[in-house]
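What follows is a set of notes on a single structure, which appears directly below.
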Amino acid sequence: MSKKTVRIGIGAFLLIIGSLFYLMNMYTPICGDDYLYSFYLTPVAAKSFFEGASIGFEQKISSFTDVIFSQYNHYFYVNGRTIPHILEQSFAGLWGENCFNLINVFAFLLLNMLVIWISGKRNLTKFGYWVVAVFFIWFLLPCPVDLFLLMSGALNYTWSAVLCLAFLLVYNKVRQMERVNWGVAFLLFLLGVISGWTHESLVIGISGALFIIYCVQYNKRKPKSPEIALVAGFWLGTLLLCLSPAARGRASFDHPSIWETFLLIIGELRAFYVLLFLLIYTFFREKRNNNNHTLRKFFYDDQLYFYVILIELVFSLVIGFRNVRQLFGIELFSVVILIKLISGQTSFNAVWCRSVSIVAASAIVLHMAFVIPCAKRSHAQFQDIVTTYLHSEDGVVSFKYEEFPCWVDSYVWRFGGYAGWEAFCISVYYMGDKKPMKALLIDYYSFVIIDDCQLRCFSVVIFFAVYKNCKKK
């Protein structure tokens with residue numbers, strides 16, 4: 001197959017994936033945190049928020065200066081993820097949903113490109129690696145609707161991952177440099193700070209892994225000034241993230257025990273198990289061929305990524321299991337190692353490899369195409385809920401929790417997953433504290449009333465009660 005044909009195939013594949021991803025993004029509404037990030041956060045608003053009130057949410061973001069000052073308060077009262085949250089408030093308050101939907105497509109494709117690039121730049125010109133990267137990232141990473149499609153989720157996870165992987169690529173390059181001028185050194189330092197000040201599920205592992213590498217290899221290899229500038233910046237960004245008073249406050253919340261957290265984590269991992277299986281398979285295959293040095297060299301060359309997984313796992317055990325999204329770093333770097341391992345096993349030139357690539361690419365396209373009508377249905381329901389709320393006199397809205405097939409369920413956002421929180425955010429955004437939204441969940445057997453974030457469940461089985469009453473008569 002000629003290089004031109006391969007490039008056309010890669011371009012067509014990315015065009016199809018990007019178009020489908022854009023449609024899914026378009027049918028994933030602004031909701032929850034996205035509403036609140038459109039406001040200029042004041043200390044009064046932050047304190048009232050944690051008390052379950054909506055006092056102080058009057059001023060919406062109107063300029064980038066508002067974003068900066070609002071993020072100053074965010075750092076002390078809400079969260080320390082300043083870089084992704086600057087982007088979040090900019091999109092939510094200034095640039096809008098349509099702008100985000102378009103740029104987020106490129107962020108998702110860039111994430112896949114960086115994962116492939118880390119495995120070897122030459123792999124970027126091979127169709128099979130693009131398919132493998134998209135397949136693993138799309139099907140193996142946890143809770144994809146939160147990681148890739150929701151505005152607040154994508155900016156916190158996908159975009160943070162893009163920055164961190166870009167940092168690692170630059171890190172691998174600057175290790176070969178002896179010295180650079182002060183301007184380049186400053187830019188490297190700035191890149192390090194920006195990349196490190198993103199998300200703890202990524203940067204804790206990377207910072208810890210770099211520290212271990214330097215401790216182990218200090219006598220063998222001393223870093224040069226460009227590398228020092230880059231890594232020092234990353235460590236500073238990580239430190240700023242972790243020292244946020246709000247971040248430390250969140251870490252002190254009640255959480256499951258270490259044993260319970262361990263059980264919850266091993267029940268949610270996917271990419272990690274695929275990696276483990278492939279490593280075991282490779283070990284026994286090399287043992288049968290009396291060739292153990294290849295796998296040993298692989299562990300040595302890629303020890304940084306293994307350390308990242310190990311440290312993120314320990315970090316999750318320490319802070320306790322909060323939600324499946326905290327496993328993002330473990331799963332992402334499992335995918336990175338998977339592709340690097342596959343890169344050493346095959347070149348995707350064999351006929352069977354090309355056939356498998358085409359089948360996998362078709363599976364991705366069909367799955368995304370199937371998600372779109374489900375997302376569209378959920379999006380239409382959400383718009384109806386908001387419209388009904390705005391036109392209601394008392395803020396009461398009834399809705400049915402949408403259900404989808406299991407193979408698309410985690411790819412579609414729907415109203416009602418956190419109904420009390422979602423109702424609160426909608427109320428604050430549209431009406432302030434004038435008309436609190438009350439979401440009434442109705443199904444065939446029961447109804448749930450969410451009033452001011454309080455959940456009260458009333459089980460009512462009318463049919464059977466009427467049936468028994470008629471039978472007695």
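- Nearest heavy-atom pair across Met177 and Pro226 is CB-CG, 4.0 Å.
- Not one N or O on the side chain of Glu312 forms a donor-acceptor pair closer than 3.5 Å with the backbone of Ile309.
- Side-chain atoms of Thr238 and Ser207 include a donor-acceptor pair closer than 3.5 Å.
- Put simply, the side chain of Ser119 never gets that close to the backbone of Ser343: no donor and acceptor are under 3.5 Å apart.
- Distance alone, capped at 3.5 Å, places no donor-acceptor pair between the Asn25 side chain and the Phe21 backbone.
- Side chains of Ser378 and Gln381: a donor-acceptor N/O pair is absent below 3.5 angstrom, by distance only.
- Applying the side chain to side chain donor-acceptor pair (under 3.5 Å) criterion to Lys340, with sequence neighbours excluded, gives Asp302.
- Counting heavy-atom neighbours within 6.0 Å of Phe262 CZ, excluding the residue itself, gives a total of 12 or less.
- Put simply, the side chain of Arg414 gets close to the backbone of Asp409: a donor and an acceptor are under 3.5 Å apart.
- Electrostatic pairing of Glu227 and Arg221 counts as a salt bridge here, judged by a charged N lying under 4.0 Å from a carboxylate O.
- Remark: side-chain polar atoms of Arg179 are not paired, donor with acceptor, to backbone N or O of Lys224 under 3.5 angstrom.
- Judged by distance alone, the side chain of Ser38 and the main-chain N or O of Tyr35 form a donor-acceptor pair under 3.5 Å.
- Listed by chain and number, the residues in a side chain to side chain donor-acceptor pair (under 3.5 Å) with Gln71 are Gln89 (sequence neighbours excluded).
- Looking at heavy atoms from C-beta onward, Val105 lies out of side-chain contact with Asn101 at the 4.5 angstrom threshold.
- Nearest heavy-atom pair, Ser316 versus Leu327, reported as atom, atom and distance to 0.1 Å: OG-CD2, 4.3 Å.
- Taking both residues in full, the closest heavy atoms of Glu88 and Ser152 are given as OE1-CA, 3.2 Å, listed atom of the first, atom of the second, then distance.
- A distance-only check finds no donor-acceptor pair linking the side chain of Asn104 to the backbone of Phe100 [under 3.5 Å].
- The aromatic rings of Phe415 and Trp413 stand perpendicular to each other, their planes meeting at an angle above 60°, with 30° marking the opposite boundary.
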>> The test is side-chain contact (heavy atoms from CB on, under 4.5 Å); show your working for Val145 and Ser410 and say whether it passes.
In response: CA-CA 6 Å; Val145 67; Ser410 60; 5.8 Å; no
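- The nearest pair of heavy atoms linking Gly208 to Ile311 is C-CD1, 3.2 Å.
- Classified by interplanar angle (parallel below 30°, tilted 30° to 60°, perpendicular above 60°), the ring pair Trp138/Phe148 is parallel.
- The shortest non-hydrogen separation linking Arg122 to Thr125 is O-OG1, 2.8 Å.
- Each ring pair (Phe, Tyr, Trp, His ring centres under 6.0 Å) pair with one or both residues in residues 269-291, not counting sequence neighbours, would appear here, but there are none.
- Listed for the Glu331 side chain is a donor-acceptor partner under 3.5 Å among the backbone atoms of Ala271.
- Listed by first and then second residue, the ring pair (Phe, Tyr, Trp, His ring centres under 6.0 Å) pairs involving residues 150-174 are Phe91-Trp159, Tyr157-His199, Tyr157-Phe328, Phe167-Phe234 (not counting sequence neighbours).
- Salt-bridge annotation for Glu200 and Arg81: present, with a side-chain N of the basic residue lying under 4.0 Å from a carboxylate O of the acidic one.
- Atom CZ of Arg175 sits in a crowded spot, with more than 12 heavy atoms from other residues, nucleotides or ligands closer than 6.0 Å.
- Arg322 contributes a side-chain N or O that, together with a main-chain N or O of Ile319, makes up a donor-acceptor pair within less than 3.5 Å.
- Under the 3.5 Å distance criterion, the side-chain polar atoms of Asn73 are matched with a main-chain donor or acceptor of Leu41.
- Side-chain contact between Val203 and Cys164 is present, with at least one heavy-atom pair separated by less than 4.5 Å.
- Scored by the side chain to side chain donor-acceptor pair (under 3.5 Å) test, Tyr418 finds no partners at all (sequence neighbours excluded).
- Between Tyr75 and His85, the ring center distance fails the sub-6.0 Å criterion.
- Between Trp235 and Leu210, some side-chain heavy-atom pair lies under the 4.5 Å cut-off.
- Annotation: side chain to side chain donor-acceptor pair (under 3.5 Å) contacts of Asp301 (sequence neighbours excluded): Lys297.
- The 12-atom threshold is not exceeded at OH of Tyr72, counting heavy atoms of other residues, nucleotides or ligands nearer than 6.0 Å.
- By the neighbour-count criterion of 12 heavy atoms within 6.0 Å, atom CD of Gln217 is densely surrounded, having more than that number from other residues, nucleotides or ligands.
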